[in-house]
Amino acid sequence: MARFSLVVLCSGRGSNLQALIHALDSGTLPAGIAAVCSDKPDCAALERARKAGIATCALRQSDFPDRAAFDRALFDEVALLQPDLVLLAGYMRIIDPAVVEQWIGRMINIHPSLLPKYPGLRTHARAIDAGDAEHGASVHYVTAELDGGPVIAQAALPILADDTPESLAGRLLPFEHRLLVATVRLIATGEIALEGNRVVRNGVALRAPLRLNDGGDLG
Ligand code: GAR
């Protein structure tokens with residue numbers, strides 16, 4: 001059987017991408033990355049991909065008349081690669097709904113909050129300002145609603161009394177990495193899928209998102 005094929009979209013640092021590359025290199029993720037694509041041709045994530053010998057593609061918004069035209073062009077390139085799954089790993093653009101529609105069930109995003117709390121930006125600061133006891137990250141199927149698609153899995157951690165948005169983001173990041181790898185593993189092995197608007201595991205609809213346990217697995 002052909003290897004489960006990923007295309008990863010990134011806009012910045014690429015630490016989640018790096019976690020995937022480590023997992024692939026160590027043989028703990030039964031998949032391959034066909035390409036890493038970006039809206040930021042100079043971003044560190046593309047450099048990480050090149051170092052790992054992974055194909056890259058990058059487009060600039062300024063070369064296109066509008067946002068929808070950019071999205072169509074980028075996803076035309078993605079479609080040529082025929083990936084089984086598109087991963088938004090620190091991809092900081094809102095994708096045109098007509099494009100998203102074509103990838104429903106085949107595109108996931110990692111978001112730094114316990115969705116449905118705090119879609120959008122400044123998630124760490126908003127969790128602290130709200131006085132929340134815990135914070136976390138979610139991996140969800142992408143739908144036209146911003147950060148609103150069905151949540152597959154989450155990782156949570158306590159917010160400490162002296163946390164700043166930066167310290168909280170820094171403590172969350174290693175959990176994000178484990179969460180993303182573990183979630184992609186379940187999708188690549190066929191255990192998790194989207195049916196309608198419900199996430200199913202081995203054919204049974206999840207009643208709540210999976211939670212990352214201390215062992216780095218999704219229970
Ligand atoms: C991660 O924290 C990810 O959850 C967040 O951007 C960061 C990317 O880090 N994504 C979003 O905020 C999407 N709305 P990375 O480039 O080091 O993987």
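Every number for a ligand or one of its atoms is a count from 1 in the order of the listing. Every heavy atom of this structure was used, including side-chain atoms; hydrogens, water molecules and symmetry mates were not.
Between the side chain of R126 and the backbone N or O of L121, at least one donor-acceptor pair lies under 3.5 Å.
Partners of F4 under the ring pair (Phe, Tyr, Trp, His ring centres under 6.0 Å) rule, at least two apart in sequence or in another chain, do not exist in this structure.
Taking the six-membered ring where tryptophan is involved, the planes of W103 and F75 are tilted, since the angle between them lies from 30° to 60°. Between Y118 and H135, the two ring planes are tilted [angle within 30° to 60°].
Protein residues having at least one heavy atom under 4.0 Å from any atom of ligand 1 are R13, G14, S15, N16, G90, M92, I110, H111, P112, E176, listed by chain and number.
Considering V139, V199, V184, V200 in turn, V199 is the only one that fulfils the side-chain contact (heavy atoms from CB on, under 4.5 Å) rule with I192.
R50 has a carboxylate O that lies under 4.0 Å from a charged side-chain N of E47, or vice versa, which qualifies the two as a salt bridge.
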